[in-house]
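We use all heavy atoms of the structure for the numbers below, so side chains are in, but hydrogens, waters and symmetry mates are not.
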Amino acid sequence: MRKILDRFRAAGGSSPGSGPGTGTPTGTLRADFTASLVVFLVAVPLCVGVAVASGVPAELGLITGIVGGLVTGFLPGSSLQVSGPAAGLTVLVYEAVEKYGLAALGVLVLAAGLLQLAMGALRLGRWFRAISVAVVQGMLAGIGLVLIAGQLYALADAKAPSSGLGKIGGIPELIADAAGSGTALKAVAVGAGTIAVLILWPRFHRGAKVLPAPLAAVALMTTATVALDLPVAKVEVQGLLEAVQPPGGSEFAALAEVGVIGTILAFTLIASAESLFSAAAVDRLHDGPRTDYDKELMAQGAGNALCGALGALPMTAVIVRSAANVRAGAKTKVSRVLHGVWLLVFAVLFPSALGVIPVAALAGVLVHAGWKLIPVKDLVPLWKEHRGEAVVLMVTAGSIVITNMFEGVVIGLLMAVAKTAWETSHVHVEVRGLDDEDSTPVRVRVLGNATFLRLPKLVDELEALPRERVVELDLSGLRHVDHACGMALATWTERHNAVVSHEAGATAARGSETPGSPDAPEAPEAPEERKILA
């Protein structure tokens, strides 16, 4: 045991705020033990809530949390962040289960985990930091909107439509139906009470130190439901071993479908991005060792591969649990591994405790979590300072709501690339010699980055130059010119100067042939003139 703890301490380092005695092995273990209990209490309602919202048995959320602690928590990467089922993947999992069935979920998660392992081995983890923050925020905002819309139905014990637009469009009808049903109003009261506790509980500092807000909210609403004998839907329990459904050969055959490949890529992209962005945020909360992004990506891949083999939910690093871990005083990996142990003990010894939890209470937890995914406070400052980034954020979020997760993220990435290309393709045109004699050429120098995005504006400026003057085009000031722009500029210059030369020659010819001119040649005979005209 001592050797194992020494390995943890060597890999985990320490965090700021270490009090007297916490630098000793006993003090470090005590801090990690306490932090693990806090993270466990935060994780239980979230694991169960994410599973129920994803349309899968509640036990699968606990299995993913257990794997996130015992497997991913033990591996190198980030020392203090905690992994498990996340609200950010709820919408995608729900769509996948609806489309391909629960049995296929394990194959999807397993394939995503193997992809993460491959990307980590190829040292691609650091490249996820290059993803536009606006796309990530838009992705989370879109997830939050769809999650809130879907959980509003669960608040009233009603079934939600499958599409994001269907969820949002059906809200007026949901309100009307709930208002006329006493049972639905009781469920709504449970959900609303959960949200109220989540908002107010952190202000009760003494209580917040004992119980995390999600657990306090679910515990209070569960107690109220049992005490008042409210007729609301409860979480269905089937047992931990019964919930495990390893994928079979028929499920692996589904990998040949194009839609399945897109879902796997969406799982991989979103889970990896959320985990690595969470790692960057957690690194800012402590002074211990920084995250190795490639190793963390492989740790997430190993966890997801095992979750897929067990038929469980996909995992990511979760900022809520990770922040709770750091703030509770965790020093090493022991805290996140122990939180997995407590989840396993709870799932094995107290599975029936899940059966008394109201679904509406878990829906309230997820509505609150979905709202926190939407960067409401950041949107107005972002619009004022970086309007293009704000547009990318809103387009990404709206695309996820209108289409689906994968297509929405792809649209957001394309928007970010297009915005960057537009902003970097600045072109400046310097014109000299306009006031010189008409016989001298106009000198035009183009500076900056000339791409097809700026070509219309560039050609408009060139077309505004005098049509009767020769133009000398200097492209030496360009840092970059793409093929389309280079060809267009060369063609325009050649055509413009050819027209000027032709018109100048025609004018000279007409001037020399003017009747009465002293230098005018004698008129040819009529037959010769006809020959020329012919």
Side-chain angles (χ1 to χ4, degrees), residues 11 63-64 66-79 81-86 88-89 92-93 95-96 100 104-132 135-136 139 246-249 251-280 282-283 290-318 333 336 404-407 409-410 412-414 416-417:
I63 291 172
T64 300
I66 292 168
V67 174
L70 298 182
V71 178
T72 305
F74 186 84
L75 295 174
S78 175
S79 59
Q81 79 170 351
V82 183
S83 300
L89 287 173
L92 186 57
V93 173
E95 292 174 352
Y100 305 112
L105 179 61
V107 174
L108 301 177
V109 179
L110 174 59
L114 294 176
L115 273 179
Q116 286 181 307
L117 282 169
M119 291 191 300
L122 294 173
R123 303 184 63 81
L124 299 179
R126 68 191 70 181
W127 288 99
F128 276 88
R129 290 180 288 178
I131 297 177
S132 168
V135 174
V136 176
M139 177 189 74
E251 284 77 32
F252 281 99
L255 291 174
E257 299 181 24
V258 176
V260 170
I261 300 301
T263 303
I264 292 171
L265 292 176
F267 273 135
T268 306
L269 174 64
I270 295 168
S272 302
E274 189 170 347
S275 295
L276 298 183
F277 273 91
S278 172
V282 173
D283 282 348
R290 304 294 92 179
T291 297
D292 184 317
Y293 287 91
D294 297 315
K295 290 182 179 179
E296 179 62 22
L297 188 56
M298 294 188 71
Q300 295 294 326
N304 273 317
L306 182 54
C307 286
L310 297 174
L313 290 171
M315 75 165 61
T316 71
V318 187
K333 294 180 179 181
R336 59 186 194 176
N404 56 51
M405 183 70 62
F406 181 67
E407 293 178 8
V409 171
V410 170
L413 289 173
L414 292 176
V417 172

So how far is it from M139 CE to L92 CG, rounded to the nearest 0.5 Å? 10.5 Å

Supply the atom-to-atom distance T72 OG1 to K333 NZ, rounded to the nearest 0.5 angstrom. 10.5 Å

Show me the donor-acceptor pairs, under 3.5 Å and distance only, between side chains in residues 105-113 and residues at least two apart or in other chains.
none

Look up atom CG in L269 and atom CD1 in I264, then write down how far apart they are to the nearest 0.5 Å. 13.5 Å

Shortest non-hydrogen separation from F252 to P247 and the atoms involved: CE1-O, 3.9 Å

Minimum heavy-atom distance between M315 and C307, given as atom pair plus value: CE-SG, 3.7 Å

Sequence neighbours excluded, the answer for side chain to side chain donor-acceptor pair (under 3.5 Å) partners of Q116 is S272, N304

Output all residues satisfying side chain to side chain donor-acceptor pair (under 3.5 Å) with T268, sequence neighbours left out; order by chain, then residue number. none

Working to the nearest 0.5 angstrom, can you tell me the gap between D292 CG and M298 CE? 10.5 Å

Quick one: does E296's side chain have a donor or acceptor within less than 3.5 Å of a partner on S78's backbone? yes

Atom CZ of R290 with >12 non-hydrogen neighbours under 6.0 angstrom: yes

Assess whether side chain to side chain contact (heavy atoms under 4.5 Å, CB included) is satisfied between V93 and F267, documenting all intermediate values. CA-CA 9 Å; V93 173; F267 273 135; 3.7 Å; yes

Is there a side chain to side chain donor-acceptor pair (under 3.5 Å) between S83 and Q300 once you walk through the steps? CA-CA 8 Å; S83 300; Q300 295 294 326; 2.8 Å; yes

L310 side, atom CG; I66 side, atom CD1 - distance, nearest 0.5 Å: 9.5 Å

Kindly indicate whether the side chain of L115, heavy atoms from C-beta on, has any atom under 4.5 Å from the side chain of L265. yes

Say you draw a straight line from CD of Q81 to CG of D283; how long is it, rounded to the nearest 0.5 Å? 8.0 Å

I'd like to know whether L89 forms a side chain to side chain contact (heavy atoms under 4.5 Å, CB included) with I270, so could you lay out the CA-CA distance, the side-chain angles of the two residues, the decisive distance to 0.1 Å, and finally the verdict. CA-CA 8 Å; L89 287 173; I270 295 168; 3.7 Å; yes

